[in-house]
Visitor: 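Handing you a structure now.
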Amino acid sequence: MHREKTTVHRENRARDGDNDAPDQSRDERRGLSVNEKRGRVPNILIVGGGYVGMYTALGLRRRLRRGQAQVTVVDPRSYMTYQPFLPEASAGALEPRHVVVPLRRVLRGCRVITGRVTSIAHEAKTVRIEPEEGASYELSYDILVVALGSIARTLPIPGLADVGIGFKQVEEAIALRNHVLDRLDIAASTTDEAARRRALTFVFVGGGFAGAEALGELENLTQYAVRKYYPEISQRDLRWVLVDAADRILPEVGDEMGVYTVEELSKRGIEVRLKTFLESCVDGHVVLSKGKPFDADTIVWTAGVKANPVLADSDLPLDERGRVSCAATMRVVGHDDAWAAGDNAAVPDLTAADPGEVCAPNAQHAVRQAKLLAKNIVAALNGQQPKEYRHKYVGSVASLGLYRGVAHVYGVKVKGFPAWFMHRTYHMSKMPTFNRKMRVLVDWTMAWFFRREVVSLGRMRVPREEFRRAATPKT
Ligand SMILES: Cc1cc2nc3c(=O)[nH]c(=O)nc-3n(C[C@H](O)[C@H](O)[C@H](O)COP(=O)(O)OP(=O)(O)OC[C@H]3O[C@@H](n4cnc5c(N)ncnc54)[C@H](O)[C@@H]3O)c2cc1C
């Protein structure tokens, strides 16, 4: 299938006379055609189409006068991911397609390029783009918005890169769901006791939002699935382990709620190992800094994030953590025509007691920054002063599985069902676009009437296998 697609693309390019063009002239043609086509209006290039990228583009589209500037968004994915819903997508409470927003649909009037930015040369006002197929090329711009977000912050732990999986992308959430449900099938069908134990052992490293919520949701799913459909597996056979180097989890909801979360997870039989490190996991053999080693088929790494490493291949000023150094207006320090916000930006937190503090990497800041960023860019284009970003973190809500949650918002601490309900209503209200809100609502409503979906589509990884077997003559 992949080869066929490649051939079609090559044929199209050959037909268009594109195949023979040397890289540089094609690069120049692309840069020129953008400016020429747009009558040389300034090109605002947004690298990254996540929270910041999409909301900034939407804000610009709304505020720019007709013909005032062209907006281009570059992202390797054709959709923005609403990450707080990934745990529910993984647990099957939400259809994964409903937690992403197609960029081309919402950003009509903007140019969307599906490709990866591999370097930024701001002095030359160009970025290098690597499309899914074909040679990489340069794209020029007048104004740059850096919205590349963050990636998993990993450590050089033996085996981690080979057996671990992250939890930041919808693809990972889908893969993890299929993998976890596959493990139940494997455990229920094997006679090998060691393989069964290994299949039923699930390890999460990192107890922040992503780790605690994903573990909470998936554990809840497996308990349900085992109770309803796997008579061969007892609930006690499932082993879920949450490992964190700190002495608490979910720092986002504060100390007290963090302690409650540990108690709540422990009551459910989940082993919460605090002040513990993952030392090695070669071939799934898990060695922690404390306790006996054990084997696990599932190791999920959710131990924090770091700024997108592409920034290291740029001439923008970076702080000690590799984030773009910004003023409170989100203008890049020392550059009038470059802006940054979200997880990849060090934006001063003007509400913090310590003047050196920068805004934490979370959606609450990302969305608010993006909205102001769009206004600031338009203000600058109109010769007005941009405004400083100021937002006091209002707290957090987290789901720990169906009907269970924890919240700490505006100083009010809530747990159990009310917190879970708050989590749903808050995120529902924040989910971008009416279309997606409705789809999410329908998913939740359907879940009231029908049983939870516990089917694994793990075979999707190898869609051609069946056909290949049929098409291969037996020897
Ligand atoms: C599971 C999970 C749950 C979360 N829950 C919460 C929550 O409840 N509350 C909260 O406040 N925050 C939450 N967060 C954090 C929140 O989602 C992030 O802080 C937010 O997404 C940051 O927005 P951003 O635009 O900076 O980055 P992103 O939204 O990550 O966007 C970055 C974009 O850049 C693109 N990109 C990456 N590399 C390149 C490249 N080389 N070239 C071009 N584009 C590139 C990516 O594809 C992506 O679309 C959660 C995060 C996760 C993973």
Side-chain angles (χ1 to χ4, degrees), residues 45-57 72-90 99-101 103 112-120 127-131 136 139 145-152 166-173 176 204 206 208-217 250 252-253 300-302 304-305 307-314 323-324 330 340-345 347 359-370 373 391 393-399 405-407 409 422-424 426-427 430-432:
L45 178 64
I46 303 177
V47 292
Y51 273 80
V52 171
M54 189 191 80
Y55 277 106
T56 305
T72 303
V73 179
V74 187
D75 198 297
R77 293 179 175 78
S78 58
Y79 45 82
M80 175 264 188
T81 306
Y82 190 77
Q83 290 170 348
F85 275 152
L86 288 183
E88 289 206 42
S90 198
V99 306
V100 301
V101 182
L103 292 175
V112 176
I113 297 177
T114 307
R116 186 173 292 278
V117 171
T118 55
S119 61
I120 301 171
V127 296
R128 182 154 282 276
I129 295 176
E130 206 173 79
S136 67
L139 184 71
V145 177
V146 191
L148 293 165
S150 52
I151 64 160
F167 199 80
K168 243 188 122 9
Q169 310 297 343
V170 70
E171 306 88 56
E172 291 168 332
L176 194 56
F204 278 66
F209 269 132
E213 289 195 298
L215 180 143
E217 292 284 353
L250 269 185
E252 296 87 349
V253 292
V300 188
W301 183 266
T302 49
V305 293
N308 197 311
V310 171
L311 295 169
D313 217 341
S314 80
R323 297 168 295 196
V324 182
M330 289 166 284
D343 285 8
N344 73 176
V347 178
C359 297
N362 58 52
Q364 213 176 103
H365 283 304
V367 173
R368 286 176 171 82
Q369 286 175 352
L373 181 52
H391 168 69
Y393 194 63
V394 296
S396 296
V397 287
S399 158
V406 59
V409 184
M422 277 169 76
H423 163 85
R424 281 207 162 176
Y426 172 79
H427 285 300
K430 296 292 169 196
M431 182 73 201

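Whatever order the structure lists them in is the order used to number ligands and atoms, beginning at 1. Keep in mind the model is a prediction, meaning the values are calculated, not measured. What you see below is based on every heavy atom in this structure, not just the backbone, and it leaves out hydrogens, waters and symmetry mates.
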Visitor: Which parts of the protein, at residue level, reach under 4.0 Å of ligand 1 through a heavy atom?
Guide: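 Protein residues near ligand 1 are Gly48, Gly49, Gly50, Tyr51, Val52, Val74, Asp75, Pro76, Arg77, Gln83, Pro84, Arg116, Val117, Ala147, Leu148, Gly149, Phe167, Lys168, Phe209, Ala210, Asn308, Val310, Gly342, Asp343, Pro361, Asn362, Ala363, Gln364, Ala366, His427.
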
Visitor: Identify the two heavy atoms, one from Thr114 and one from Pro76, that lie closest to each other, and give their separation to 0.1 Å.
Guide: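 Looks like CG2-O, 3.4 Å.
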
Visitor: Are Ser119 and Arg128 close enough, and set up right, to give a side-chain hydrogen bond (donor to acceptor under 3.5 Å, both in side chains), and what steps lead you there?
Guide: CA-CA 5 Å; Ser119 61; Arg128 182 154 282 276; 5.2 Å; no

Visitor: Counting N and O atoms only, with roles assigned by atom type, does the side chain of Gln369 sit under 3.5 Å from a partner on the main chain of Gly342, one being a donor and the other an acceptor?
Guide: yes

Visitor: Please identify each residue that fulfils side chain to side chain contact (heavy atoms under 4.5 Å, CB included) with Val101, with sequence neighbours left out.
Guide: Met54, Met80, Val106, Met431, Pro432, Thr433, Arg436

Visitor: Taking all non-hydrogen atoms of both residues into account, name the closest pair between Asn308 and Leu148 and its distance.
Guide: ND2-O, 3.0 Å

Visitor: Check the angle between the aromatic planes of Tyr82 and Phe85 and answer parallel, tilted or perpendicular using the 30° and 60° thresholds.
Guide: tilted

